[in-house]
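A quick write-up on the structure given underneath.
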Amino acid sequence: MNVLGIETSCDETSAAVVRDGVAVLSSVVASQADLHARWGGVVPEAASRMHVERLLPVIHEALGDARVDAGQLDGIAVTNRPGLVGALVAGVACAKALAYAWDKPLVGVHHVVGHVQAARLAEPSLEYPYVCLVVSGGHTEIILAESDARLSTMGRTRDDAAGECFDKCARLMGLPYPGGPHIERLAAQGDPKAIPFPRAWLGDSLDFSFSGLKTAVARFVKQDAGRVRLEDMASSLQAAIMDVLVVKTLRAAKQAGVRTVAIGGGVAANRALAGAFTREAHANGMDCVTPSVALCTDNAAMIAAAGHWRLIRGESDDMRLDCMATDCMPLWHGGGNAS
Ligand code: KG4
Ligand code: ZN
């Protein structure tokens, strides 16, 4: 079964073809990072317009790379929530038009479910249940995946997402957008213990909070930046973010009685984080799946995979499929008018 995936929830225009929910036949990602860098963050209206321009060429390329034509597709999956609403509308309108023209089933996909499915693209033998930490510019969530249809949130951020914290702190440190990769590069040359930035443990809760860390970095930059190397600041910041992510995800897995953990989302592209997860998971007798950078950052292959499992369950959406900026529906439903 071949599914075309379309992803436009933020600033990457992406299309991919996935066979049988696990084999990536093609994955094309047109990043808008250069466009938004000049403003220091994603400008929603500019992102929507760029998606409209790039969608059809990107889809054409994905079908060409996969050597699959429209007639060989069994469905079209599209991210319909959550995200920048104008950006989502561009992808969903395109998916609806193609589904209508090619007479294919249409399925809406929750973006976070896509990130959870990326672990199974990375490791097709991965079995349920597993606990997946989804960390990106917009999300920091610990998800318990019991099956492709049964996902529940065990913990989430109460304020900023981890990626947002990386980006905002990087900006305070004078680094370009998106800041996460710049922090990782500098951190590799720094001392993670140089500055004791705060960790918000929130007692026994599996929730996260990163706003205090951001404030601490802002205060540090203002008062003390001159006396430490940028590399040490980056390394200390990265360690403060990583510590809570790793500890809480492993705690969640233990609470759920699950012995496999996975990570996904743009922040999971951080190889220091992936390394720390693997080390700590193994030390606790758990297996750990850390997808490649291309599968961690936004991509349509993960959306095609998540859509595949909805189609297998006999679900699809009709032309009333709606877009939602916020995370207001159960993770595993279409969020439109699932039939
Ligand atoms: O999943 P993603 O591509 O888009 C969203 O759904 O938000 O995640 C983007 C986020 C940005 O905040 C970016 O700074 C962060 O992922 N990121 C990283 C790294 N690469 C991307 N954060 C830390 N280290 C990295 N290497
Ligand atoms: Zn994402």
Side-chain angles (χ1 to χ4, degrees), residues 5-14 16 27 29-34 36-37 40-42 44 47 51 79-84 87-88 91 109-119 121 132-141 143 156-157 160-173 175-188 190 192 210 213-214 234-235 237-246 263-277 290-303 305-306 325-327 331:
I6 297 173
E7 153 65 37
T8 60
S9 65
C10 191
D11 61 343
E12 335 272 2
T13 315
S14 177
S27 179
V29 180
S31 172
Q32 302 178 5
D34 291 349
H36 300 288
V42 178
H51 286 311
T79 308
N80 72 320
R81 70 198 192 283
L84 302 172
L88 291 168
V109 169
H110 192 297
H111 183 79
V112 171
V113 178
H115 280 304
V116 173
Q117 279 298 330
L121 290 176
C132 186
L133 173 74
V134 177
V135 259
S136 69
H139 302 278
T140 302
E141 298 190 24
I143 308 280
R156 62 177 1 146
T157 185
D160 291 350
E164 197 179 350
C165 182
F166 267 112
D167 294 343
K168 286 178 176 170
C169 292
R171 191 174 183 172
L172 290 166
M173 291 161 62
L175 300 169
Y177 170 86
H182 295 282
I183 298 280
E184 180 179 14
R185 185 176 41 78
L186 287 168
F210 293 105
L213 175 57
K214 183 184 63 190
S235 190
L237 166 65
Q238 181 174 278
I241 296 175
M242 270 168 34
D243 280 358
V244 282
L245 294 178
V246 173
I263 53 175
V267 176
N270 185 305
R271 295 296 91 181
L273 177 68
F277 250 97
T290 57
S292 64
V293 171
L295 282 173
C296 285
T297 48
D298 284 351
N299 66 87
M302 66 187 196
I303 302 304
T326 52
D327 190 357
L331 289 169

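All ligand and atom numbering here is 1-based and tracks the order in the structure. It should be emphasised that the depicted structure is a prediction, and the values quoted were computed from it without experimental measurement. Computed over heavy atoms, backbone and side chain alike; hydrogens, waters and symmetry mates excluded.
- Between the Gln117 side chain and the Gly114 main chain, no donor and acceptor come within less than 3.5 Å of each other.
- Under a 4.0 Å heavy-atom criterion, Pro181 is in contact with ligand 1.
- Every heavy atom of His139 sits 4.0 Å or more from the atoms of ligand 1.
- When only non-hydrogen protein atoms are considered, atom 22 (N) of ligand 1 lies nearest to Gly180 CA, 3.4 Å.
- Residue-ligand proximity, His115 to ligand 1, at heavy-atom distances under 4.0 Å covers atoms 1 (O).
- Residues Asp298 and His115 bring a donor and an acceptor atom of their side chains to less than 3.5 Å of each other.
- For atom 4 (O) of ligand 1, the closest heavy atom belonging to the protein is Asp298 OD2, 3.0 Å.
- For ligand 1, the atoms sitting less than 4.0 Å from at least one non-hydrogen atom of Glu184 are 25 (C), 26 (N), numbered in the order shown with element in parentheses.
- Some N or O of Gly266 is nearer than 3.5 Å to an N or O of ligand 1, by distance alone.
- Set against the non-hydrogen atoms of Asn270, the atoms of ligand 1 under 4.0 Å away are 23 (C), 24 (N), 25 (C), 26 (N).
- Nearest protein heavy-atom contact of atom 14 (O) of ligand 1 is Asp167 OD1, 2.6 Å.
- Here the side chain of Glu184 pairs a donor or acceptor atom with the backbone of Arg271 at under 3.5 angstrom.
- In summary, the side chains of Asn270 and Gln238 do present a donor paired with an acceptor at a separation below 3.5 Å, with no hydrogens or angles considered.
- Judged purely by atom type and a 3.5 angstrom limit, Thr8 uses its side chain to pair as donor or acceptor with the backbone of Ala87.
- Using a 4.5 Å heavy-atom cutoff, the side chains of Arg81 and His111 are not in contact.
- For atom 7 (O) of ligand 1, the closest heavy atom belonging to the protein is Gly137 N, 2.8 Å.
- When atom types are taken as modelled, the side chain of His110 and the backbone of Val112 share a donor-acceptor pair closer than 3.5 angstrom.
- Side-chain atoms of Ser14 come within 3.5 Å of backbone N or O of Ala300 as a donor-acceptor pair.
- Residue His111 places a heavy atom under 4.0 Å from ligand 1.
- Atoms OH and NE2, on Tyr177 and His182 in that order, are 10.5 Å from each other to the nearest 0.5 Å.
- Counting only protein N, O or S atoms, 3 lie closer than 2.8 Å to the Zn ion (ligand 2).
- One option in Val29, Asn299, Leu273, Val267 has a heavy atom closer to atom 15 (C) of ligand 1 than any other, and that option is Val267.
- Applying the 4.0 Å criterion to heavy atoms of Gly138 picks out, from ligand 1, the atoms 7 (O).
- Between Pro291 and Ala119, the closest heavy-atom pair is CG-CA, 4.0 Å.
- For the atom pair NE2 (His36) and SG (Cys10), the distance works out to 7.5 Å, reported to the nearest 0.5 Å.
- Close contacts of ligand 1 with Gly163, meaning ligand atoms under 4.0 Å from a residue heavy atom, involve 12 (O).
- For ligand 1, the atoms lying closer than 4.0 Å to a non-hydrogen atom of Thr297 are 3 (O).
- Between Leu186 and Ser235 the shortest side-chain heavy-atom distance does not fall below 4.5 Å.
- Judged by distance alone, the side chain of Thr140 and the main-chain N or O of Ser136 form no donor-acceptor pair under 3.5 Å.
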